[in-house]
S.K.: 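Provided herewith is a single structure, encoded as C-alpha cells, for subsequent inquiry.
Numbers here simply count residues along the sequence, with the first being 1. Quick note: numbers below take in every heavy atom, side chains included, and nothing from hydrogens, waters or symmetry partners.
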Amino acid sequence: MHFFSGRSQFLEEIPAQGMDHCAALLFCLCLVTFQSWTAAETSQELRSLMERMENLAKRKGRSGSPPHDTPTLNCIHDLEWNLLNTTFEGSNMTERTRLATIQALAFKLSCDFTGLLLSSAALEQDPQAWAPHRMQFPAELTRKACQTRRKELRLICVYFYTSFFFQDDTNSPLLNNRVLGAQLGHDRVNNLSEPINISFWHNQSLEGHTLTCVFWKEGASKNSSGAWSSEGCLTEQPSPDQVLCRCNHLSYFAVLMQISPAPIPAELLPPLTYISLVGCSISIVASLLTILLHLQSRKKSDFMVHSHINLHASVLLLNVTFLLSPVLAKPSVPGSACMVLAAILHYALLCCLTWMAIEGFNLYLLLVRVYNVYIRRYLLKLCVLGWGVPAILVLLLLAVKSSVYGPLSISQENGTAFRNISICWVQNPKVRSVLVMGYGGLTSLFNLVVLTWALQVLRRLRAREKALGARACRDAVTVLGLTVLLGTTWVLAFFSFGIFLLPQLFLFTIFNSLYGFFLFLWFCSQRCCTEAEAEAGTEMEAFSSSQMMQ
C-alpha cells in the first residue's frame, strides 16, 4: 500500500507535458522495432522466393522440361511484387539480395531524380565478375510518374545469370546467358526520348553471329510465356568485347545471338553504302526530270504514258524514303517517327514492285491485243492496283502488329571497333520473307516470263524482215530497255549465296539504286527514236509530194 501510494504521488508530480514526451518516445521506439521486424521478415521472404526460383531452375534444367509453364512466370511476377513492396530502413537502397544466379536490388527515387548508373564493378563480390554489365538510367525516367504527384517511386533491378526463365519457342541463345531487368513501380515506362543504356561485356568469339538487343515481351507467343523482340532497342558495338543496347523503355533485356545466314564482309559495307547514297540521289533527280518530260509529252492521254508516270513516282518515293531512313533511325529521334518512315518505305517498295508488274502486263496487252486494248476505266483500275493494294497490306500490318516496323541494325567493323548502321525498316524476319522477298520474287518471275515471251515475238518479227543488220542495234537497245522497265534486275536478290555473294552485292546495289536513272535513259532513247521516225516520215511525205508534182 505504501508503495502504490508513493508511486501515485510521484506520478502526480510529473508534469503533463513530460507524459506526452514519454508516450511519443515509446511510440517511436515501437514503430522502429516494428519496421525493423517487418523489413527483416520481407527480406527473408524475398530470399526464400529467390532460392525457390533457383531450385526450380536447377531441377527442371536437369530434367530437361521446358520452362514454359505458368508457375515459372508467376515466380517472376512474385519476385517483382516483393521488390516493389520492400520496406526501406531510411537509405535509398535496400540490402542487396544476391544468390548464385539471381541478384535483386530496389531503390527509392524522388521526383528530383538526376539519373542512376549501376555497374557490376560497383557491386561487391559479384559472382559473375568475368562477364561484367552495366545499366544507366536517364533523368527522364521518373518524369511521367511524377506527374501523378507521387511521394515515392520504387525502381527495382533484377539480374538473371541464367536464361532459364526466358525461353521462347526456339530457345534462342543469349549472350553470356545474361538477362538484365528493371521496372519503375507498377506502371509501364516507354517512349523515352533519352534511351536507357545497357552494356554487356563478353570474352568470346562471335564471328558468323549477328547480335541484336532484345527485350522480353510477355504474351507474344502462343506456345511459351513470351518472346524476344527488338522493338524500341538499338544495337551498338563500341568495341569487340562490348555490346551496347539503347532502349526507350523498361523491361528485361538481353542480347540475342543469331547465326548470320550470309555474312557480309565488313570492309564492303562503306563502299556499298556510298554507292547506294550516290545512286539514289541520281535516281531522284532523274525521276523528277522524267516525270516532268512525260507531263509535257503530246501523248498525255495514252495509258502507257500514265503508267510510266506512276512507275517513276513510286521510284521517286522509294529513293527519298530510303535516304531518310538512316537519319530517322538515330536514338535521338522518337521511335514513332522511325516506325512511320519504315512503313512508308515498305509501302514505296511494294508500290514500285507492283507498277513493274503493271508495266509487264501493259507490254503483254500491246503485243497480244494489238487492235483491241481498250479497257473501260483502265487507268483508274491500274491506280487502285498499283497504289491501293500495297496500302492495304501495310495498313493491315500496322493494325495487327505495328512493332514489325522500326530501326534495324547492320553491323559494321572499323578496325578493332564495331559500330552499327541502323535504318528504319521491317524488323520482323517473317514479314520480310513474305512481303519483301516473296512479293518481289513473284513480280520478278512474272516480268521475266513476259520479257522472254516478248523477245520471242520480237525475234519472229525480225525474221520476216530482210534488213536484220540495220535493226540489230535498235533491237539490242529495246531489249535492254525492256529489261530495265520491267525491273528484272531484282532477280539478283536471290543470288546472295556462295561465290555469287560478292558480285551480287555490288550488281544489285548499282542496278537498283540507279533504277530511276536507267528509266530516264530508256525514256530519252524512246523519245529520240520517236522523233527520228517522225522526221523520217515527214521527209518521205515531202519526197512523195515532189514526185507527184513532177
S.K.: Does the side chain of E236 reach to within under 4.5 Å of the side chain of R246, using non-hydrogen atoms?
M.R.: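 E236 reaches R246 side chain to side chain.
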S.K.: Hey, can you tell me if H133 and Y159 have their rings parallel, tilted or perpendicular (30° and 60° cut-offs)?
M.R.: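 Perpendicular: the ring planes of H133 and Y159 meet at over 60°.
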S.K.: Determine, using ring centers only, whether F215 and Y252 are less than 6.0 Å apart.
M.R.: no
S.K.: How are the rings of H346 and W425 set relative to one another: parallel (under 30°), tilted (30 to 60°) or perpendicular (over 60°)?
M.R.: perpendicular
S.K.: What I'd like to find out is whether the side chain of L393 reaches to under 4.5 Å of the side chain of L397, using heavy atoms alone.
M.R.: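 L393 vs L397: side chains apart.
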S.K.: Looking at Q427 and P407, would you say the former's side chain and the latter's main chain have a donor-acceptor pair under 3.5 Å?
M.R.: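 Between the backbone of P407 and the side chain of Q427 there is a qualifying donor-acceptor contact (under 3.5 Å).
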S.K.: Locate the shortest heavy-atom distance separating G386 from C351; write the atom from each residue and the value.
M.R.: O-SG, 3.6 Å
S.K.: Working note: W201 + V243, criterion side-chain contact (heavy atoms from CB on, under 4.5 Å); need CA distance, chi angles, decisive distance, verdict.
M.R.: CA-CA 6 Å; W201 280 269; V243 180; over 6 Å; no
S.K.: Indicate yes or no for a side-chain donor-acceptor contact from T509 to the backbone of L505 under 3.5 Å, with no hydrogens or angles considered.
M.R.: yes
S.K.: Please check: side-chain N/O of H202 versus main-chain N/O of P240, any donor-acceptor pairing under 3.5 Å?
M.R.: yes
S.K.: One pair to check against side-chain contact (heavy atoms from CB on, under 4.5 Å): V255 and N176. What are the steps and the verdict?
M.R.: CA-CA 9 Å; V255 177; N176 291 331; over 6 Å; no
S.K.: Pick out which of L435, V431, V394 makes a side-chain contact (heavy atoms from CB on, under 4.5 Å) with V404.
M.R.: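 Single pass found, and it is V431.
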S.K.: Atom CG in L244, atom OG1 in T235: separation rounded to 0.5 Å?
M.R.: 9.0 Å
S.K.: Checking the side chain of E140 only, and the main-chain atoms of S193 only, is there a donor and an acceptor separated by less than 3.5 Å?
M.R.: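 Looks like yes, one N/O pair under 3.5 Å.
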S.K.: Has the side chain of S229 got a donor or acceptor atom that lies under 3.5 Å from a matching backbone atom of K217?
M.R.: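 No; zero donor-acceptor contacts below 3.5 Å.
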S.K.: Flag the pair H77 / E218 as yes when at least one side-chain heavy-atom distance between them is below 4.5 Å, and no otherwise.
M.R.: yes
S.K.: Looking at every heavy atom in both C247 and I198, which two are closest together, and how far apart are they?
M.R.: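 Shortest heavy-atom separation between C247 and I198 comes out as SG-CD1, 4.3 Å.
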S.K.: Suppose we call two aromatic rings close when their centres sit under 6.0 Å apart. Are W490 and F508 close by that rule?
M.R.: yes
S.K.: Are L311 and L519 close enough, and set up right, to give a side-chain contact (heavy atoms from CB on, under 4.5 Å), and what steps lead you there?
M.R.: CA-CA 10 Å; L311 175 60; L519 287 178; 4.0 Å; yes
S.K.: If I compare all heavy atoms of P390 with all of L350, which pair ends up nearest, and what's the gap?
M.R.: CB-CB, 3.6 Å
S.K.: Classify the ring geometry between W228 and W216 as parallel (under 30°), tilted (30 to 60°) or perpendicular (over 60°).
M.R.: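 If you compare the ring of W228 with that of W216, the planes turn out perpendicular.
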S.K.: Start with the C-alpha distance between V320 and I284, add both sets of side-chain angles, then the distance that settles side-chain contact (heavy atoms from CB on, under 4.5 Å), and finish with yes or no.
M.R.: CA-CA 7 Å; V320 171; I284 288 175; 3.8 Å; yes
S.K.: Decide yes or no for L105 and I156: does some side-chain heavy atom of the first lie under 4.5 Å from some side-chain heavy atom of the second?
M.R.: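 They are not in contact (no side-chain heavy atoms under 4.5 Å apart), so the answer is no.
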S.K.: Can you name the nearest heavy-atom pair linking I196 to Q136, along with the distance?
M.R.: CG2-O, 3.4 Å
S.K.: Measure across W355 and L382 and return the closest heavy-atom pair with its distance rounded to 0.1 Å.
M.R.: CH2-O, 3.7 Å
S.K.: State, with a plain yes or no, whether a side-chain heavy atom of L174 is found less than 4.5 Å away from one of V179.
M.R.: yes
S.K.: Looking only at heavy atoms, which two atoms of S281 and L323 are closest? And how far apart?
M.R.: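 Closest pair (atom of S281, atom of L323, distance): OG-CD1, 3.9 Å.
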S.K.: I need the F253 CZ to S251 OG distance, nearest 0.5 Å.
M.R.: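 With rounding to 0.5 Å, CZ (F253) is 5.5 Å from OG (S251).
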S.K.: Could you list the residues that satisfy side chain to side chain donor-acceptor pair (under 3.5 Å) with N248, not counting sequence neighbours?
M.R.: none
S.K.: Taking side chain as C-beta onward, heavy atoms only, is F322 less than 4.5 Å from S513?
M.R.: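 No, their side chains stay 4.5 Å or more apart.
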S.K.: May I ask you to test the V189-F137 pair for a side-chain heavy-atom distance under 4.5 Å?
M.R.: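 No. Closest side-chain heavy atoms not under 4.5 Å.
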S.K.: Got a second to check how far N177's CG is from T101's OG1, nearest 0.5 Å?
M.R.: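 Rounded to the nearest 0.5 Å, the CG-OG1 separation comes out at 11.0 Å.
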S.K.: Do R134 side-chain atoms and S199 backbone N/O form a donor-acceptor pair below 3.5 Å?
M.R.: no
S.K.: Nearest 0.5 Å please: distance from the CG atom of N319 over to the OG atom of S314.
M.R.: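 Reported to 0.5 Å precision, the distance equals 9.5 Å.
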S.K.: State which residues pass disulfide bond (SG atoms under 2.5 Å apart) with C213; sequence neighbours excluded, sorted by chain then number.
M.R.: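 For C213, the residues satisfying disulfide bond (SG atoms under 2.5 Å apart) (neighbours in sequence not counted) are C245.
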S.K.: If you measure from CD1 on I510 to CD1 on I275, what distance do you get to the nearest 0.5 Å?
M.R.: 5.0 Å
S.K.: Relative to each other, are the rings of W387 and Y347 parallel, tilted or perpendicular (30° and 60° limits)?
M.R.: tilted
S.K.: Answer whether the closest heavy-atom distance between the side chains of L83 and Q183 falls below 4.5 Å.
M.R.: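 Side-chain contact under 4.5 Å: no.
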S.K.: Kindly compute the distance separating CG (L328) from CG (L345), expressed to the nearest 0.5 Å.
M.R.: 11.0 Å
